[in-house]
There are 2 protein chains.
Amino acid sequence: MLTSQRRALIAARLVRDGQIVAGELAQELDLSEDTIRRDLRDMAAAGLLKRVHGGALPLAPPLPDLESRQAMSTGVKQRLGRKAADLVRAGQLVFIDGGTTNAELVQALPRDMALTIATHSPAIAALLEKHRAEVILIGGRLYKHSMVSTGAAALAAIGTLRPDIFFLGATAIHAAHGLTTGDYEEAAIKRAIAAQSAETIALMTREKFGTVSPHHITGIENIAALILPADMEPDTSAPYRQKAVRIIEA
Amino acid sequence: MLTSQRRALIAARLVRDGQIVAGELAQELDLSEDTIRRDLRDMAAAGLLKRVHGGALPLAPPLPDLESRQAMSTGVKQRLGRKAADLVRAGQLVFIDGGTTNAELVQALPRDMALTIATHSPAIAALLEKHRAEVILIGGRLYKHSMVSTGAAALAAIGTLRPDIFFLGATAIHAAHGLTTGDYEEAAIKRAIAAQSAETIALMTREKFGTVSPHHITGIENIAALILPADMEPDTSAPYRQKAVRIIEA
DNA sequence: ATAAATCATGCAATATCGTGCAGAGTCAAG
DNA sequence: CTTGACTCTGCACGATATTGCATGATTTAT
């Protein structure tokens, strides 16, 4: 790898990850830490980044999490994920279901928060690489459609956990039929996690409201909170408010 | 080869690979590095590329995904991964270790092959989403450095499997000390998988040869095959040939 | 307060570079 | 056909750049 490529990579990483850890990058690129440090030193002298002990940071820290990111990302799922992340406290055991909305939740979690995160989604687990959190991966047979662990092994592993919060993903929500999903095994897993957890919180986008899928997960009354988009029709969300569910608008 | 042909080749390589390394190209074309350097110098003066120490880069480089390609040297890992994929047969139970080389192996697997793949790496599991293969995910506490499941839960899950092939990743290989890695727990897991598997196959890039890490996985004699780059110094690979290991050059 | 990690610096080994020069090939004028 | 100008190429050599290691200083974590 050419020197200039390496420096371009450093610049790209800074944008992508918001930080560079000298030791990690040295190992990843199979170089001595001295080389990385020299790069960082030179690039800092050239005004490309800010040198800090242990690595480097971007010069203009993109005001994280709050204003700039909210301004930048107008995605509904990002907004839901951010609201969900606000509910997480250090020290908790949090179970995160699969799905793209929950992936946004992970992205919105502060990277240095000390907590334990359990998941049966390999994609969610992989996203947590740069986080300080302890990660417990639930194994099992992967259900191909939604890419989460299912089966007896997964159920057994879930039985050993008592999560404080379960962030549930479902394919449909209905005032009468509650939360439902498309696969039998998947529904069983979600039920098991919910049964173990102190609180279950559902993140739902607009198009899922009022729909029903074949397999029942749990009723609305068992949900501690429902996170939904702020710009929904009031009529649509009204039935859930009546069920005494806590509604969080994002 | 005419000069203009050579320069056209350089331009094409720049588009294809995103980089030119003067020494490599000189060797490949059986020319002196001086000639290549002169080409690069002239083409840089003509505004066709950007000259850097060691070679040249395109003027306006970045395809967005170029960064990830640059990170993995020059496709050595792809070549290793392809050779490894050739060893897999339909119907087998294959255990795939974590790591970027094994990720290339997954990419090289035919998507419609019917087999079962077990892994304790969430990243590997996530890559298998589009494959027809049945996937068994080994759960456990994620060891953060290499992002694979470790601990009692992982060991127990591994104990239920009898893989036909185990594609092992290690951080070091040494003729006397065998295969080693940097973490105690990780080594224990790898040993357990190897013990269950009919064959263990190691994929190793050049820089790992002759090095030793703190924790022992297994001896060379227990490896059914060793996949290594074809362009290695014969002296380096000789000790492993003598150990009656099957050597596959990629 | 003590240990561990990170850092800056100097040094040596290696890689790469630019320049000058010489041999080989090309081409056109003589 | 010969000659000379020109170009291309490879080699030699000193200059420069890059890298890894050792050392002692500094910072951070416990």
Side-chain angles (χ1 to χ4, degrees), chain A residues 1-11 13-14 17 19-46 48-57 90-91 111-114 130 132-134, chain B residues 1-11 13-14 17 19-46 48-57 70-71 73-74 144-145 171-172 182-184 205-214 231-233 235-236:
Chain A
M1 160 167 275
L2 303 174
T3 303
S4 53
Q5 279 183 308
R6 194 178 57 240
R7 304 212 171 172
L9 180 90
I10 289 175
R13 279 298 169 88
L14 268 180
D17 298 343
Q19 67 172 118
I20 292 285
V21 179
E24 286 181 9
L25 193 59
Q27 200 160 4
E28 182 177 335
L29 300 182
D30 197 30
L31 290 166
S32 77
E33 295 188 16
D34 302 70
T35 302
I36 302 297
R37 270 199 288 273
R38 263 184 280 249
D39 284 339
L40 297 182
R41 207 185 309 165
D42 294 351
M43 291 174 76
L48 297 172
L49 49 78
K50 176 163 178 270
R51 189 78 171 85
V52 298
H53 195 91
L57 296 174
R111 291 197 171 162
D112 57 351
M113 185 183 276
K130 299 290 185 187
R132 184 175 157 198
E134 173 95 4
Chain B
M1 163 169 279
L2 301 177
T3 303
S4 56
Q5 281 180 307
R6 195 176 57 239
R7 303 208 171 175
L9 180 83
I10 289 175
R13 275 306 165 86
L14 219 39
D17 300 340
Q19 65 170 137
I20 294 285
V21 178
E24 287 181 7
L25 192 59
Q27 198 168 356
E28 184 177 334
L29 300 182
D30 198 28
L31 290 167
S32 76
E33 295 187 17
D34 303 68
T35 303
I36 303 298
R37 270 200 291 272
R38 265 184 279 249
D39 286 337
L40 297 183
R41 207 184 309 166
D42 295 349
M43 291 173 75
L48 297 173
L49 48 78
K50 176 165 176 263
R51 188 77 171 87
V52 299
H53 194 91
L57 296 175
Q70 287 177 349
S73 56
T74 50
K144 268 314 184 49
H145 180 69
T171 52
D183 180 69
Y184 172 80
T205 49
R206 177 202 308 228
E207 72 278 4
K208 295 175 176 174
F209 281 82
T211 64
V212 180
S213 285
D231 54 353
M232 277 188 46
E233 307 77 13
D235 290 353
T236 309

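Here is the naming used below: chain letters follow the sequence lines, and residue numbers restart at 1 for every chain.
- Whole-Å rounding puts the B:D42 CG to C:dT19 C1' distance at 14 Å.
- The side chain of B:R41 approaches C:dT19 more closely than any other nucleotide in the set C:dT19, D:dT18, D:dG20.
- Closest approach of B:L49 to B:L40, counting heavy atoms only: CD1-O, 3.6 Å.
- Legend: residues meeting salt bridge (charged side-chain N to carboxylate O under 4.0 Å, His left out) with B:D183, ordered by chain and number and at least two apart, are absent.
- B:H53 and A:L2 get closest at one heavy-atom pair: O-CD2, 3.9 Å.
- Residue whose closest nucleotide on DNA chain D sits further toward the 5' end, between B:E33 and A:E33: B:E33.
- One can place CD of A:Q5 at 12 Å from P of D:dT19, the figure rounded to the nearest angstrom.
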Just the atom pairs and distances: protein N or O near nucleotides 12-17 of chain D's N or O, under 3.5 Å.
from   : atom 1 : to    : atom 2 : distance (Å)
D:dA12 : N6     : B:D34 : OD2    : 3.2

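- B:E24 and B:R13 are not joined by a salt bridge, as no carboxylate oxygen comes within less than 4.0 angstrom of a charged side-chain nitrogen.
- For the pair A:L29 CG and D:dT18 C1', the computed distance is 15 Å after rounding to whole Å.
- At whole-Å resolution of the value, CG in A:D112 and C1' in D:dA29 are 15 Å apart.
- Atom pair B:I36:CD1 and C:dA15:C1' shows a separation of 17 Å (rounding to whole Å applied).
- In terms of phosphate contacts, B:T3 brings a side-chain nitrogen or oxygen within less than 4.0 Å of OP1 or OP2 of D:dT9.
- Of the candidates D:dG20, D:dT19, D:dT9, D:dT9 carries the atom nearest the B:R6 side chain, counting heavy atoms from C-beta on.
- A close approach under 4.0 Å does not occur between any side-chain nitrogen or oxygen of A:R38 and OP1 or OP2 of C:dG10.
- Judged as a salt bridge (charged side-chain N to carboxylate O under 4.0 Å, His left out), and not counting sequence neighbours, the contacts of B:D42 are B:R7.
- Here B:T35 reaches the OP1 or OP2 of D:dG10: one of its side-chain N or O atoms lies under 4.0 Å away.
- Within the 4.0 angstrom heavy-atom criterion, only backbone atoms of the sugar-phosphate kind lie near B:V52; the bases stay farther away.
- In terms of heavy atoms, B:S213 sits closest to B:G182 at CB-N, 4.1 Å.
- For A:L31, taking side-chain heavy atoms from C-beta onward, the closest of the listed nucleotides C:dC7, C:dG18, D:dG20 is D:dG20.
- The line from CD1 of B:I20 to CG of B:L14 is 5.0 Å long, rounded to the nearest 0.5 Å.
- Per the geometry, CG belonging to B:L25 stands 17 Å off C1' belonging to C:dA15, to the nearest Å.
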